[in-house]
Amino acid sequence: MIRLANAEDAHLIHQIMVLAFEEYRNMDVPSSALNETVSSIEESLKNGSEKALLCFGDGVPLGSVRFKTDKNSLYFFRLSVCPEARGRGIAKSMLSWLENYAKEHGKTEIWCRVRMSIPQNIQLYKSVGYIVCKEEVVTNPNGFPVKTVVMKKGI
């Protein structure tokens, strides 16, 4: 089951995200996801600056993704699947849910930013129709430069 999260779900979103991003802790530039807090996620959900999804299997939270919309697009980030639940199509199911949400809300594209150093994530998005639009070096919230690709899919 996939549903929109609310501010009271911030602890679940954070828990899933930390489990999913733990493998990136020892990279040259660790993911800034590991520095986020339950309260920062809760505040963003409360003030409406972002929304989130939760994916459950047999009542157990297994995946989450956060997203924002503007006039024409939906941008998603922090797509997270618990390591023990990977390979079951959870990420693709959440992406499909986001695409339907974007269509229903009149958006024409969906996009994300992916670290170039994590080719398996780039491949996941390519496998469901995303294309690499550009390469960018961004400065993460910890102040480190990170090589990324912007991936988009028309809706």
Side-chain angles (χ1 to χ4, degrees), residues 1-5 9-10 12-36 40-41 44-45 49-57 60-142 144-155:
M1 177 192 78
I2 298 174
R3 68 164 172 83
L4 274 172
D9 294 318
L12 293 175
I13 296 162
H14 183 263
Q15 177 183 15
I16 294 165
M17 180 186 69
V18 169
L19 287 169
F21 280 75
E22 181 61 34
E23 67 187 279
Y24 308 129
R25 183 178 299 279
N26 297 315
M27 295 182 85
D28 287 345
V29 179
S31 175
S32 58
L34 297 168
N35 297 334
E36 290 189 42
S40 67
I41 295 168
S44 294
L45 293 170
S49 63
E50 66 183 52
K51 295 183 186 310
L53 290 184
L54 280 168
C55 180
F56 297 84
V60 177
L62 300 174
S64 70
V65 61
R66 290 155 57 199
F67 65 99
K68 300 178 180 191
T69 58
D70 63 19
K71 184 177 177 192
N72 298 312
S73 68
L74 183 149
Y75 165 68
F76 68 90
F77 56 102
R78 304 294 196 231
L79 179 71
S80 305
V81 176
C82 293
E84 69 276 7
R86 291 180 184 161
R88 293 193 218 164
I90 292 169
K92 289 179 180 178
S93 293
M94 290 190 295
L95 290 170
S96 177
W97 194 102
L98 287 174
E99 289 172 28
N100 288 331
Y101 180 93
K103 279 181 202 169
E104 290 169 9
H105 289 82
K107 310 306 175 197
T108 57
E109 72 179 10
I110 185 168
W111 67 283
C112 65
R113 184 180 306 279
V114 186
R115 283 182 182 227
M116 290 175 70
S117 60
I118 310 175
Q120 65 270 27
N121 289 357
I122 295 170
Q123 188 53 46
L124 166 68
Y125 300 127
K126 282 183 175 179
S127 77
V128 292
Y130 287 76
I131 58 168
V132 173
C133 294
K134 62 182 167 181
E135 296 181 8
E136 287 182 332
V137 176
V138 298
T139 302
N140 78 3
N142 297 335
F144 295 104
V146 180
K147 291 180 181 177
T148 69
V149 292
V150 172
M151 300 187 75
K152 292 184 179 181
K153 182 177 182 178
I155 297 185

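By the 4.0 Å N-to-carboxylate-O rule, Arg78 lies too far from Glu50 to be salt-bridged with it.
The stretch residues 123-134 participates, sequence neighbours left out, in these salt bridge (Lys or Arg N to Asp or Glu O under 4.0 Å) pairs: Lys134-Glu136. Listed by first then second residue, pairs satisfying salt bridge (Lys or Arg N to Asp or Glu O under 4.0 Å) with a partner in residues 146-155 read Glu99-Lys153, Glu109-Lys152, not counting sequence neighbours. Note on residues 84-94: pairs passing salt bridge (Lys or Arg N to Asp or Glu O under 4.0 Å), not counting sequence neighbours, are Glu23-Arg86.
Distance check, rounded to the nearest 0.5 Å: CE of Met17 to CG of Leu79 gives 12.5 Å.
In this structure the side chain of Ile122 reaches within 4.5 angstrom of the side chain of Met151, judged on heavy atoms. Two residues are said to be in side-chain contact when any heavy atoms from C-beta on lie closer than 4.5 Å; Trp97 and Leu4 meet this criterion. Contact of the Leu95 side chain with the Val65 side chain is not registered, since no non-hydrogen atoms from C-beta on lie closer than 4.5 Å. Side-chain contact between Arg115 and Ser31 is present, with heavy atoms from C-beta onward closer than 4.5 Å.
With sequence neighbours excluded, the residues forming a ring-ring contact (aromatic ring centres under 6.0 Å, His included) with Tyr24 are Phe21, listed by chain and number. Applying the ring-ring contact (aromatic ring centres under 6.0 Å, His included) rule to Phe144 yields no partners; only residues at least two apart in sequence or on another chain are considered. With sequence neighbours excluded, the residues that form a ring-ring contact (aromatic ring centres under 6.0 Å, His included) with Phe67 are Tyr101.
Under a 3.5 Å cut-off, the side chain of Ser96 and the backbone N or O of Ser93 do not form any donor-acceptor pair.
A 6.0 Å sphere centred on CG of Asp28 holds no more than 12 heavy atoms belonging to other residues, nucleotides or ligands.
By the 30° and 60° cut-offs, the orientation of the rings of Tyr75 relative to Trp111 is tilted.
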